[in-house]
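First the structure, in the form of structure tokens, and then the observations on it.
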There are 2 protein chains.
Amino acid sequence: MSNSYIDDEKIINRLYEIHRRTVPKFESCTGISQTRLELLHELYEVEEISQRALQKKVNIDHAAVTRHLKQLEDKEMVIRRKDPKDQRFTYVSLSEEGRLKIIHYREEKERFISGVLHDFSAEERKTLLEMLTRIQHNIEHFE
Amino acid sequence: MSNSYIDDEKIINRLYEIHRRTVPKFESCTGISQTRLELLHELYEVEEISQRALQKKVNIDHAAVTRHLKQLEDKEMVIRRKDPKDQRFTYVSLSEEGRLKIIHYREEKERFISGVLHDFSAEERKTLLEMLTRIQHNIEHFE
DNA sequence: GCTCAATAATTGATACGTCAACTAATATAA
DNA sequence: TTATATTAGTTGACGTATCAATTATTGAGC
């Protein structure tokens, strides 16, 4: 009762620290950043998609999406082209090379995630996901 | 069973998204960043502390600590002085003004956290904290 | 006492996310 | 059809975390 707020604070601080620790670890394990792999994963699921639609899927700022895709284009992992019908749209797709590389990245990601959750039972995972979903909802609708 | 990995992925992605959403929301609600408030909170608990000891407490990179403290010094919230006995150490303490301001920040933080966890029972909070602690441990000891 | 190792703090380079301002292209409405 | 609004994408400024390299100071062994 009396220490309940202290624990609440610990939850929020823990979330923050988990993130800080995950970022470098994820990248050193998989060889790619979490966001960038998420973008590639979405591209993997489709033939071609506009940057706008992709941005809505990953829910990241437009600016960040543009920069990631430009860098991925430089690395020849994705191909970008303008829609001839509506020049405002840029369509993005995976190159063959990109499609191959992703497979390896995703294996490493799977290994990483398995390690992070290795001592969680199926029920625990379910509970955790449900709780995180609620937290996310609460943050989005706060104030 | 067959979709268990998909859910694991959702957990990790959710953690990532929670963080991204929390950062701007926290700052707009409280008027200060989470890390900076954590630093101030540690300073609030003591008379004076070395940057090194402070860094160990908050567990953030040295460089980030230095930069935060310099900015807080510019805003006259903290005072820094070298240890005359050992010039390598810099001791940091809150200014009177800093000490006053923190009270307000912490009230806002409490309001924020209450909002984020408002629909969690005491048991759920306990379970969640325990799970997050395990995840953090797993990340730190992975590989 | 002097050299070399260890430690605290700082600075530089890099990465990446946000918001805001801007450009270019298209749609709408008078 | 022409002025205005909307939309997609880009760029700039900023904040802040990481790692690596550097500086300054102190400690330890000879």
Side-chain angles (χ1 to χ4, degrees), chain A residues 13 15-39 48-75 78 80-92 139-140, chain B residues 13 15-39 48-75 78 80-92 139-140:
Chain A
N13 288 344
L15 280 169
Y16 197 82
E17 194 160 357
I18 285 172
H19 174 265
R20 280 205 347 265
R21 305 234 170 242
T22 301
V23 167
K25 205 100 179 191
F26 186 95
E27 185 147 0
S28 71
C29 289
T30 64
I32 195 168
S33 79
Q34 208 166 341
T35 300
R36 201 164 288 191
L37 185 49
E38 209 178 325
L39 284 167
E48 199 172 45
I49 189 173
S50 74
Q51 289 195 189
R52 174 74 183 132
L54 181 57
Q55 183 269 324
K56 276 183 186 156
K57 274 178 183 287
V58 299
N59 219 348
I60 277 176
D61 193 88
H62 312 88
V65 172
T66 291
R67 286 170 184 132
H68 276 297
L69 290 175
K70 282 191 158 187
Q71 289 176 62
L72 288 168
E73 192 182 32
D74 287 347
K75 293 183 179 175
V78 308
R80 301 197 306 153
R81 69 174 186 91
K82 289 219 166 187
D83 182 347
K85 301 281 183 191
D86 185 339
Q87 301 269 336
R88 287 172 302 182
F89 286 81
T90 298
Y91 280 94
V92 193
I139 289 171
E140 276 168 30
Chain B
N13 288 345
L15 280 169
Y16 196 83
E17 194 160 356
I18 285 173
H19 173 264
R20 280 208 347 266
R21 305 231 170 244
T22 301
V23 167
K25 206 100 178 189
F26 186 96
E27 184 147 359
S28 71
C29 288
T30 65
I32 195 170
S33 80
Q34 208 167 341
T35 301
R36 200 164 288 187
L37 185 49
E38 209 177 324
L39 284 167
E48 200 173 44
I49 189 172
S50 75
Q51 287 195 189
R52 174 74 184 132
L54 181 58
Q55 184 269 324
K56 277 182 186 156
K57 273 178 184 288
V58 298
N59 219 350
I60 277 175
D61 192 87
H62 311 90
V65 172
T66 292
R67 287 172 183 131
H68 276 297
L69 291 175
K70 282 191 159 187
Q71 289 176 64
L72 288 167
E73 192 182 31
D74 286 346
K75 291 185 181 175
V78 309
R80 300 198 305 153
R81 68 176 185 90
K82 290 219 164 188
D83 182 347
K85 302 281 181 190
D86 187 339
Q87 300 270 336
R88 287 173 302 182
F89 285 81
T90 298
Y91 279 94
V92 193
I139 289 171
E140 277 167 31

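Every chain is numbered from 1 and lettered A, B, ... according to where its sequence line falls, protein lines coming before strand lines. Since the model is a prediction, treat every value here as computed from it, not as a measurement.
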- Which residue pairs pass the salt bridge (charged side-chain N to carboxylate O under 4.0 Å, His left out) test when at least one of the two sits in residues 17-35 of chain A, sequence neighbours left out?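 Every salt bridge (charged side-chain N to carboxylate O under 4.0 Å, His left out) pair that includes a residue of residues 17-35 of chain A, provided the two are not neighbours, is A:E17-A:R21, A:R21-B:E140.
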- Item | Heavy-atom closest pair, residues B:S50 and B:Y91 |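 Result for this residue pair: N-CD2, 3.5 Å.
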- Of the non-hydrogen atoms in B:T35 and B:H68, which two are nearest, and what is the gap between them? CG2-NE2, 3.8 Å
Mind calculating the distance between [atom1] ([X]) and [atom2] ([N]) to the nearest angstrom?
{"X": "B:E27", "N": "D:dC14", "atom1": "CD", "atom2": "P", "value": "15 Å"}
{"X": "A:Q55", "N": "D:dA8", "atom1": "CD", "atom2": "C1'", "value": "10 Å"}
{"X": "A:F26", "N": "C:dA15", "atom1": "CZ", "atom2": "C1'", "value": "15 Å"}
{"X": "B:H19", "N": "C:dA15", "atom1": "NE2", "atom2": "C1'", "value": "14 Å"}
{"X": "A:R20", "N": "C:dC16", "atom1": "CZ", "atom2": "P", "value": "18 Å"}
{"X": "B:Q34", "N": "D:dA17", "atom1": "CD", "atom2": "C1'", "value": "14 Å"}
{"X": "A:K82", "N": "C:dA25", "atom1": "NZ", "atom2": "C1'", "value": "8 Å"}
{"X": "B:D86", "N": "D:dG27", "atom1": "CG", "atom2": "C1'", "value": "10 Å"}

- Message: From C-beta outward on B:Y16, which listed nucleotide comes closest to its side chain: C:dG17, D:dA17, C:dA25?
- Response: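 Nearest to the side-chain atoms of B:Y16, counting from C-beta on, is C:dG17.
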- Task: Side chain of A:Q87 only, please: which of C:dT26, D:dT18, C:dC16 is the nearest?
- Result: C:dT26
- Under a 4.5 Å cut-off applied to non-hydrogen side-chain atoms, are A:I60 and A:E38 in contact?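 A:I60 does not reach A:E38 side chain to side chain.
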- Just wondering, do A:L39 and A:V92 contact through their side chains at under 4.5 Å, heavy atoms? no
- Under-4.0 Å side-chain N/O to phosphate OP1/OP2 contact, A:R36 with C:dC16: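 Answer is yes, contact under 4.0 Å.
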- Query: Is any side-chain N or O of B:T35 closer than 4.0 Å to OP1 or OP2 of D:dA17?
  - Reply: yes
- Query: Looking at B:R52, B:R67, B:Q51, which hits side chain to side chain donor-acceptor pair (under 3.5 Å) with B:H62?
  - Reply: B:R52
- Item | Position toward the 5' end of DNA chain C (nearest nucleotide), A:K85 or A:S33 |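 Result: A:S33.
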- Query: Which letters describe nucleotides 6-12 of chain C, given B = protein heavy atom under 4.0 Å from base, S = only from sugar-phosphate, - = neither?
  - Reply: BBSSBBB
- Any ion pair linking A:R88 and A:D86 (charged N to carboxylate O, less than 4.0 Å)?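 Salt bridge flag = yes for A:R88 with A:D86.
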